[in-house]
Engineer: 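Can you read through this structure? Questions will come right after.
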Amino acid sequence: MPDIKTEKKLCPAPTLELLATLYTLDQLKSYVHDRPQIALAGRSNVGKSSLINALARRKKLAKVSSEPGKTRSVNLFEVKPDGFCLTDLPGYGYARRGHEERRCWAELIQNYLEKTPTLRALALLIDCRIPTQESDRVMADFAKAHKLPVIPILTKADKCTLKERSAQMKTWERILGVKPVAVSSVSKLGIDELWERLREAGKIEEPAAPEEAMTENREAPACAE
Ligand code: GTP
Ligand code: MG
């Protein structure tokens with residue numbers, strides 16, 4: 001009698017590899033975007049870089065800190081074997097950094113979101129313990145206005161009660177019309193489900209006809225500061 005457990009095909013989990021770290025507008029502008037990308041956007045400290053590490057099942061692939069404002073560059077991670085990229089962005093909405101520094105990050109985020117021709121989706125990270133913030137709504141509106149699919153992600157699920165989580169799920173599903181995924185980079189809750197959503201959104205298809213593949217310029221969300 002064959003053992004059903006050993007007969008079951010094992011699908012290897014995808015891996016992540018750092019492809020590029022872009023600190024300046026010039027670096028961003030000269031970067032050749034040659035593969036689909038999904039951007040991880042969200043307020044400072046929401047858990048973007050921790051989520052990259054949880055998805056990669058590694059501890060120090062992306063830099064994490066308890067102090068907001070840790071990520072200062074646009075970091076592209078290639079998903080293997082799929083071929084698309086996850087982009088870890090600096091966070092927005094952190095008031096305690098200097099004005100000049102915030103302006104540079106805002107410019108980087110804005111430029112990345114507006115000018116990346118291969119941007120496929122926005123993974124919008126929202127802290128499940130914090131009430132709806134204006135900056136997150138503005139980011140959601142930006143995606144809607146530009147028909148950019150959104151994957152809402154409620155982070156730090158290990159730190160909120162089921163009741164809080166389900167209230168946030170309902171709120172964001174109403175705002176975006178898409179069911180959020182609740183995740184925890186600590187307990188790894190929701191990581192497998194999130195991988196499925198990301199792989200679906202980043203799937204590489206047959207090359208489009210030249211006129212369909214043309215770059216579309218988007219207008220920046222005003223909140224990205
Ligand atoms: P910036 O780079 O500043 O924009 O922040 P970020 O969004 O990349 O956040 P980061 O991943 O650096 O995490 C911020 C803090 O939240 C760190 O202290 C993490 O350990 C903590 N954190 C992140 N995810 C989780 C989570 O799922 N659960 C808990 N309990 N803590 C988390
Ligand atoms: Mg970060």
Side-chain angles (χ1 to χ4, degrees), residues 16-24 28 37-77 85-113 122-136 138-140 142 150-162 164-166 168-169 172 180-195 197-198 221 223-225:
L16 287 181
E17 199 174 283
L18 182 64
L19 198 65
T21 298
L22 310 168
Y23 284 97
T24 64
L28 191 61
Q37 295 176 40
I38 301 175
L40 268 61
R43 291 161 54 78
S44 271
N45 210 242
V46 71
K48 299 174 293 297
S49 304
S50 301
L51 187 58
I52 290 281
N53 290 336
L55 287 164
R57 300 175 310 284
R58 287 171 62 179
K59 288 204 168 110
K60 291 182 180 169
L61 182 62
K63 286 180 194 150
V64 166
S65 169
S66 56
E67 191 190 322
K70 180 67 181 173
T71 305
R72 295 154 188 230
S73 48
V74 170
N75 302 290
L76 285 93
F77 295 90
C85 283
L86 294 179
T87 308
D88 187 14
L89 292 173
Y92 49 79
Y94 182 51
R96 279 169 60 195
R97 286 272 167 187
H99 177 74
E100 185 54 23
E101 202 167 8
R102 278 193 294 141
R103 195 187 57 76
C104 288
W105 294 349
E107 228 172 30
L108 260 190
I109 301 171
Q110 184 173 343
N111 212 274
Y112 173 83
L113 292 174
L122 188 74
L124 180 58
L125 279 72
I126 301 141
D127 190 322
C128 74
R129 303 164 302 172
I130 297 179
T132 313
Q133 301 287 305
E134 183 56 23
S135 53
D136 293 329
V138 172
M139 195 53 87
F142 164 80
V150 177
I151 303 172
I153 302 173
L154 296 179
T155 62
K156 308 193 183 182
D158 57 287
K159 284 201 164 181
C160 70
T161 63
L162 266 180
E164 284 169 332
R165 198 199 302 169
S166 96
Q168 283 277 50
M169 293 279 263
W172 281 100
V181 191
V183 300
S184 165
S185 299
V186 172
S187 74
K188 310 295 184 281
L189 174 97
I191 298 297
D192 289 344
E193 184 191 345
L194 180 59
W195 259 131
R197 302 266 297 261
L198 294 170
C223 81
E225 190 169 355

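Just so you know, ligand 1 is whichever comes first in the structure, and atom 1 is the first atom listed for that ligand. Every value quoted in this text rests on a predicted model; they were computed, and no experiment measured them.
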Engineer: Is the shortest N/O to N/O distance between Lys70 and ligand 1 below 3.5 Å?
Structural biologist: yes
Engineer: Heavy atom under 4.0 Å from ligand 1: found in Ser49's side chain, backbone, both, or neither?
Structural biologist: both
Engineer: Give me the atom names and distance for the closest heavy-atom approach of Arg129 to Cys160.
Structural biologist: CG-CB, 3.9 Å
Engineer: Decide whether the shortest distance between a heavy atom of Gly42 and an atom of ligand 1 is less than 4.0 Å.
Structural biologist: no
Engineer: Please classify the Val186 to ligand 1 contact at 4.0 Å (heavy-atom distances, strictly less than): side chain, backbone, both or neither.
Structural biologist: both
Engineer: Is the closest side-chain donor-acceptor distance between Tyr112 and Gln37 under 3.5 Å?
Structural biologist: yes
Engineer: May I ask you to check whether Lys48 has an N/O atom sitting below 3.5 Å from an N/O atom of ligand 1?
Structural biologist: yes
Engineer: Going by the atom numbers of ligand 1, which of them fall below 4.0 Å from some non-hydrogen atom of Asp158?
Structural biologist: 26 (C), 27 (O), 28 (N), 29 (C), 30 (N)
Engineer: Below 2.8 Å, which protein N, O or S atoms neighbour the Mg ion (ligand 2), ignoring water?
Structural biologist: Ser49 OG, Thr71 OG1
Engineer: Between Lys159 and ligand 1, which residue portion shows a heavy-atom distance shorter than 4.0 Å: side chain, backbone, both, or neither?
Structural biologist: side chain
Engineer: Between Ser187 and Asp158, do the side chains contain an N or O donor and an N or O acceptor separated by less than 3.5 Å?
Structural biologist: no
Engineer: N/O of Gly69 under 3.5 Å from N/O of ligand 1, yes or no?
Structural biologist: yes
Engineer: For ligand 1, which part of Ser65 has a heavy atom less than 4.0 Å away: the side chain, the backbone, both, or neither?
Structural biologist: backbone
Engineer: Where the side chain of Thr71 meets the backbone of Ser73, is there a donor-acceptor pair that is under 3.5 Å apart?
Structural biologist: no
Engineer: Nearest heavy-atom pair of Val46 and Thr155: which atoms, and what distance?
Structural biologist: O-OG1, 2.7 Å
Engineer: Side chains of Tyr92 and Ser44: do they bring a donor and an acceptor to under 3.5 Å?
Structural biologist: no
Engineer: Are Thr155 and ligand 1 in contact, using a heavy-atom cut-off of under 4.0 Å?
Structural biologist: no
Engineer: Is any N or O atom of Ala157, backbone or side chain, closer than 3.5 Å to an N or O atom of ligand 1?
Structural biologist: no
Engineer: Is there a polar contact, in the sense of an N or O pair closer than 3.5 Å, between Thr71 and ligand 1?
Structural biologist: yes
Engineer: Decide whether an N or O pair under 3.5 Å exists between Val46 and ligand 1.
Structural biologist: yes
Engineer: Examine Gly47 against ligand 1 and note whether any of their N/O atoms are separated by less than 3.5 Å.
Structural biologist: yes
Engineer: Holding to side-chain contact (heavy atoms from CB on, under 4.5 Å), I want the full list of residues that pass it with Val64, two or more places apart in sequence or in another chain.
Structural biologist: Ser49, Ser50, Asn53
Engineer: If we only count N/O pairs under 3.5 Å, is Asp88 in contact with ligand 1?
Structural biologist: no
